[in-house]
**Q** 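This structure is in structure tokens; I'll ask about it shortly.
In what follows, chains are A, B, ... by sequence order, proteins preceding strands, each numbered from 1. Hydrogens, waters and symmetry mates play no part in the numbers below; they use all other heavy atoms, side chains included.
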Number of protein chains: 2
Amino acid sequence: MSKGTVGGGGTTMLRRINVAAVLDAVRRSAPAPLRVAELVERTGLARPTVAQAVDELLDAGWLQQHGPDSADRSLGRPAIRVSLRGRAAPVLGLDVGPHRVTVGVSDLAGRKLSLVRRSGPGWTAQELLGVIGEVINEALAEAEVPAEDIAAVVAASPGIVDEHTGRVQLVPSVPGWSAIDLIKHVRGLLDCPVMLDNDANLAALAIAAARGGTGTLLAVQWGERLGAGIVIDGRLHRGTGAAGEIGFIATDTDDVINPEDSRGPLERAVGSEAIAALGRQAALDNPKSRLAELGGEQLDTADVFAAAAERDPVAQAVVQQVARTFARALAPSVLVLDPTAVVIGGGVARAGAVLLDAISDQLRLLTLNHPKLELSALAEDAVVTGAMRMALDEVWQRKLPTPAMTSTT
Amino acid sequence: MSKGTVGGGGTTMLRRINVAAVLDAVRRSAPAPLRVAELVERTGLARPTVAQAVDELLDAGWLQQHGPDSADRSLGRPAIRVSLRGRAAPVLGLDVGPHRVTVGVSDLAGRKLSLVRRSGPGWTAQELLGVIGEVINEALAEAEVPAEDIAAVVAASPGIVDEHTGRVQLVPSVPGWSAIDLIKHVRGLLDCPVMLDNDANLAALAIAAARGGTGTLLAVQWGERLGAGIVIDGRLHRGTGAAGEIGFIATDTDDVINPEDSRGPLERAVGSEAIAALGRQAALDNPKSRLAELGGEQLDTADVFAAAAERDPVAQAVVQQVARTFARALAPSVLVLDPTAVVIGGGVARAGAVLLDAISDQLRLLTLNHPKLELSALAEDAVVTGAMRMALDEVWQRKLPTPAMTSTT
DNA sequence: GTATTTACGAACGCTCGCTATCTATACTGT
DNA sequence: ACAGTATAGATAGCGAGCGTTCGTAAATAC
């Protein structure tokens, strides 16, 4: 009649804690292999304890043993070294966009095993499900990971995502997408925990992980639409579920959110489409400008920034206006959040320094502590990377025995 | 030659963990006393373990024993009940304003033991230090707590506070205040950890604690100046140190922050002084209005709201304008943070429903998820209460053995 | 080939928590 | 008033785990 009370504290919990401590120490130094002596030092445990834990973890498949490596020749008997066995629990990240599906498979140690991207011209919701399945299989094959090994999946979807039910609201681009239960579908393909989150959130997570360290990060995804993810000390801030929806910030003193419209005022004002439209108008008004030369009839967002980079005053004026509108919209949030850094990603980020400097100048006039303003180094992989990252976090949180006390109330 | 590595895991750490679990269980149900059987249930530990832990905690003075209480008559041998011995580690909260010093002493269980307030007409920095000392002694005497028992102190100061150095920047009201090392001074009076924080932050902490539960809270302090504190799942968000400075949000499309000016655009637009000024102007323009009647020459902020509550259209127009400006300034942050609730405190909060409804109407037009909009129930005690709360958190975090693993990177 | 250095492995003793049993105390029913 | 019962507290024995100590293995240095 074992009561089955997990979480109470007997000596077996002590063992679990210590094993977890060892595993955690190995994880922290991944992918570098560690000697037992180093583990002893890092965990503060006694050698036999660590040795026993390592044995256990080797048996369970979490660690792998390395032969004494050639380079590390020193005095005395060579030490056995262990490292994370990444294949123990690989994870899968999924980025679903209206025109593109990306799947990444990652090591337990965070090494990317495969990354498969497929583009297409506007799928229907049903077609999309099929494509997702195919791309997942492709990525698994490339990573040489059997489907049943996958330990966790995180999927990214545009729109506002309800963390718990896994439903998506407010998706404009794919008709019928919000009716689909993506989580259920993926769980049908891969029998493991599946989570769904906003793409801007996941991109933010990836960027935060890449920058490392603590602090507050505001990561803006700026393309046709505008969204932002907030990461505070490594953890996502979700609010009640719709945090970071900067696209709906009002830009004009008379702006009002129209619940029917899936795009917000700021998106309409400075989304990539709007920038292109501004550029076209400016080109029409100044037919002799470099901007008009570059762009022609189907002038693009990129043309605007290219012309501005070449110091065309007409294009510079457009960029100035965009930067000003964006900075004025973002400044209140910067004041309130006081982030360590603001990182801009997404399609518009390709504009580069031209835009960044203009925003920086404007933001400096409107804030107290001026956060670092950067461009995302991850480009289009940010979302998948963030999804894999979150899946990894999930696995670790599940496998590393609970930090002792997480009572109710 | 004990290596002194605390944090590693022997059986003695197990004991510490379990003792902490018991103490934590008692704390959670404070101030209600608990029977040992209840502790067994809540901690999941065995009875002898709990009994031993209780003995230890009784010896150490953290718990006190209650006789079997009269009301609780039931079958069987009456149980011994234990509760937190609040006097084991009382804490002190300190609210320093330009015209008022407030000191509160609190139980370990969160019971208020004393609260002393002293007002004066604009002290100098030096005088202020003297007053602080006097009021602290008064509060200690009233609480019947010797100074050396105080386990932690948290002081609240207006302005932006550097958490680590304890220095204050940007304080307008008290000349020379930012040069004072308040922490050092208080530590001279009371030999214990002393922390300093922004008053809006601490008020937010108190309000969050009063509301209970998790989620994101945006607590606005609205008086002559405007500040806000952000509490996410019970923990303060500080950003790089200046989070929540909503007073500096631009209200006009041409507004710019002037680093020389200690007040920001929003404060100048809707701070209590500005509201009074708007009221006076409106009264001049409409001498026959109820507003003009009520206020006369030295028309006050309160008069504006009073007249508006009596449905005076002139006053209502002023309130409408204030609400609109405030809501437009706050909306971006509400979109980004997506808080569970927005609570308004400070002097202007006395306006009541008139203002709240007007803001709510405006905010509804500008946000996606509409947070609950409430008035602070704590009134002027919010800051001291929050300071005591934070001091308590500090004590608990220090005394409850660390949750096992908090290694460095 | 010997000495030295480093790491692995095994045995012992200690502390701790859990299970089970026994004693103490007060209410309840006849 | 007295026996019965239900609940709480105290004690003994058992098992598990960690830490310390000692002995052994495997490499390098001289």
**Q** Can you tell me the distance, in whole Å, between the CZ atom of R81(A) and the P atom of dA7(C)?
**A** 13 Å

**Q** In whole angstrom, what separates I17(A)'s CD1 from dC18(D)'s P?
**A** 10 Å

**Q** Given dG19(D), dG17(C), dA7(C), which nucleotide is nearest the side-chain atoms of T49(A)?
**A** dG19(D)

**Q** Looking at the side chain of T11(B), which of dA8(D), dT15(C), dA7(C) is the nearest nucleotide?
**A**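 Output: dT15(C).
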
**Q** With the side chain of R47(A) defined as its heavy atoms from C-beta on, choose the nearest nucleotide among dG17(C), dC8(C), dA10(C).
**A** dC8(C)

**Q** Does R27(A) count as lying over the ring of W396(A), i.e. NZ or CZ under 6.0 Å from the six-ring centre, within 45 degrees of the axis?
**A** yes

**Q** Specify the separation, in whole Å, of atom CD of E56(A) and atom C1' of dA16(D).
**A** 13 Å

**Q** The side chain of R77(A) lies closest to which of these nucleotides: dA26(D), dT7(D), dC18(D)?
**A** dA26(D)

**Q** Tell me: CG of L14(B) to C1' of dC18(D), nearest whole Å?
**A** 10 Å

**Q** Expressed in angstrom and rounded to an integer, what is the separation of H66(B) atom NE2 from dA8(D) atom C1'?
**A**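 After rounding, the gap between these two atoms is 18 Å.
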
**Q** Look at D24(B) together with R28(B) and state whether they make a salt bridge at an N to O cut-off of under 4.0 Å.
**A** yes

**Q** Please pick, from dA26(D), dA7(C), dC16(C), the nucleotide with the shortest atom-to-atom distance to any side-chain atom of P78(A).
**A**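 Minimum distance to the P78(A) side chain belongs to dA26(D).
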
**Q** State whether N18(A) places a side-chain N or O below 4.0 Å from either non-bridging phosphate oxygen (OP1 or OP2) of dG17(D).
**A**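 Checking N18(A) against dG17(D): no side-chain N or O falls below 4.0 Å of OP1 or OP2.
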
**Q** Figure out the CG/P separation between D55(A) and dC18(D), and round it to whole Å.
**A** 13 Å

**Q** Between dT19(C), dG15(D), dC8(C), which nucleotide gets closest to the side-chain atoms of V36(A)?
**A** dC8(C)

**Q** With the side chain of I80(B) defined as its heavy atoms from C-beta on, choose the nearest nucleotide among dG9(D), dA20(C), dC16(C).
**A**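 Of dG9(D), dA20(C), dC16(C), dG9(D) is nearest to the side chain of I80(B).
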
**Q** Whole-Å distance between dG15(D) P and R15(A) CZ?
**A**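 From R15(A) CZ to dG15(D) P: 17 Å.
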
**Q** Taking atom C1' of dA8(D) as reference, at what distance in whole Å does atom CD of E38(B) sit?
**A**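 Whole-Å distance recorded here is 13 Å.
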
